[in-house]
Protein chains: 2
Amino acid sequence: MKKIDIFKKLRSSGLRPTKQRVEIAKFLFERDKTFHFTIESLDKLLAKKTTSRFALATIYNTVHAFKNAGHLSEVDVRGKKTYFDTNITNHHHFYDNETLELIDIDASEVVIQKIPKAPNGKKIKNVEVFINLKN
Amino acid sequence: MKKIDIFKKLRSSGLRPTKQRVEIAKFLFERDKTFHFTIESLDKLLAKKTTSRFALATIYNTVHAFKNAGHLSEVDVRGKKTYFDTNITNHHHFYDNETLELIDIDASEVVIQKIPKAPNGKKIKNVEVFINLKN
DNA sequence: ATTCTAGTTTATAATTATTCTAAAGAGAAA
DNA sequence: TTTCTCTTTAGAATAATTATAAACTAGAAT
Ligand SMILES: [Mn+2]
Ligand SMILES: [Mn+2]
Ligand SMILES: [Zn+2]
Ligand SMILES: [Zn+2]
């Protein structure tokens, strides 16, 4: 993704392309593979890869702004920290319980033959498959 | 589950059957249907249903003791609080995003036809299916 | 360009969930 | 009983996250 697209993405989401948002967006979205992170890991990586300084609150604010704008999704992982995901398509995950890393599984790679019908008055919103890995 | 069995369960797990553990165990395990809870919800329910007082730390300690002894499992749910589950079998969940409640799905009710093979050097530990519900 | 304004960043405080601490209390072995 | 170890408890400490309010800045208006 090009810098110009980053600007468009922000503007179209009602987010001013500030220095911090652009830097974080470039770091998150200018990559080929999907990226899973926590606020803490992102903070450390940004410190390494950029010269700018970011208040932790700004990282929280920016990540939530991206999430609310639909540019990031959230993944449920056991543990206290919230995981975010640059892959916003419907997809599934391997979770490596040794390295604590998520690995994407494309929705097409999982076929479910049978699931129970939703309880009365409820509809199925989506189905998430989470595959725990061990060595 | 009878009180005598509660005692056995505790003893066999290396847990002394103290007043608090027995009361919590009776509340959690003497029921027909599975029960999903957070520490906070358990605390409130115990306050309602029993006359004893429990320090919050005791509820944390006791629930973790039961979990470590294999009498409770933990479920990943979006949000900050940890969910526990009296169902310790392999099973899946509906999650009602309106009421924030978990509903059990027996493993036999889900048939997965195709999943990707585990990454190199890794094995699949278990597969969790999480079905989000909406109205 | 300069001014203006709403939105943003920042440092710090507050909050929430959870864990730790150390003193007092209670099972249970001897 | 006496003793010993484990447990409970209140409160402090920690960790992740959110709130606050002052300083700053992007973009619009002048
Ligand atoms: Mn989680
Ligand atoms: Mn969770
Ligand atoms: Zn993903
Ligand atoms: Zn369950």
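Per chain, numbering begins at 1; letters A, B, ... match sequence-line order.
- When distances are taken from the side chain of B:T18 to each of C:dC20, D:dT8, C:dT10, the shortest belongs to D:dT8.
- Ring pair A:F130/A:Y95: centre-to-centre distance below 6.0 Å.
- Among D:dA16, C:dT9, C:dT10, the nucleotide with an atom closest to any side-chain atom of A:T62 is C:dT9.
- Each of A:F29, A:F84, A:F37 was compared with A:F66 under the ring-ring contact (aromatic ring centres under 6.0 Å, His included) criterion, and only A:F29 meets it.
- In the set C:dT19, C:dT18, C:dT10, C:dT18 carries the atom at the smallest distance from any side-chain atom of B:I39.
- In the model, B:H36 has a side-chain atom that pairs as donor or acceptor with a side-chain atom of B:D85 under 3.5 Å.
- Listed nucleotides: C:dA17, D:dT8, C:dT10. Nearest to the side chain of A:T58: C:dT10.
- Classification of the B:H91-B:H93 ring pair by plane angle, with boundaries at 30° and 60°, yields perpendicular.
- Closest approach to the B:Y60 side chain among C:dA17, D:dT8, C:dT9 is made by C:dA17 (side chain taken as heavy atoms from C-beta onward).
- One can place CG of A:L56 at 14 Å from P of D:dA19, the figure rounded to the nearest angstrom.
- Note on A:K80: every side-chain N or O is 4.0 Å or more away from OP1 and OP2 of D:dA16.
- The residues A:E23 and A:K19 are annotated as not salt-bridged, no charged nitrogen and carboxylate oxygen being separated by less than 4.0 angstrom.
- Two residues, A:R53 and B:F84, neighbour DNA chain C, and the one matched to the more 5' nucleotide by heavy-atom proximity is A:R53.
- Atom pair A:R16:CZ and C:dT5:C1' shows a separation of 8 Å (rounding to whole Å applied).
- Rounded to whole Å, atom P of C:dA17 lies 11 Å from atom OH of B:Y83.
- Here the nucleotide nearest the side chain of A:R21, chosen from C:dT9, C:dT18, D:dT18, is C:dT9.
- Regarding contacts with the backbone of C:dT19, a side-chain N or O of B:H64 is found under 4.0 angstrom from either OP1 or OP2.
- Within the structure, a side-chain polar atom (N or O) of B:T82 is placed less than 4.0 Å from OP1 or OP2 of C:dT18.
- Residue B:D43 contributes atom CG, which lies 14 Å from atom C1' of D:dA10 at whole-angstrom precision.
- Between the NZ atom of B:K81 and the C1' atom of C:dT15 there is a distance of 13 Å, rounded to whole Å.
- When the C1' atom of D:dT17 is taken as reference, atom CD of A:E74 falls 12 Å away, rounded to whole Å.
- Nucleotide C:dA26 holds its C1' atom 16 Å from the CG atom of B:L10, rounded to whole Å.
- Out of C:dT10, D:dT8, C:dT19, the shortest distance to the side chain of B:Q20 is found at D:dT8.
- Among the nucleotides D:dA10, D:dT18, C:dT9, the one closest to the side chain of A:N61 is C:dT9.
- Side-chain atoms of A:N135 and B:K122 form a donor-acceptor pair, as typed in the model, at a separation below 3.5 Å.
- B:R11 has a side-chain polar atom (N or O) that falls below the 4.0 Å cut-off from OP1 or OP2 of C:dA28.
- Rounded to whole Å, the distance from CD1 on B:I59 to P on D:dA10 is 11 Å.
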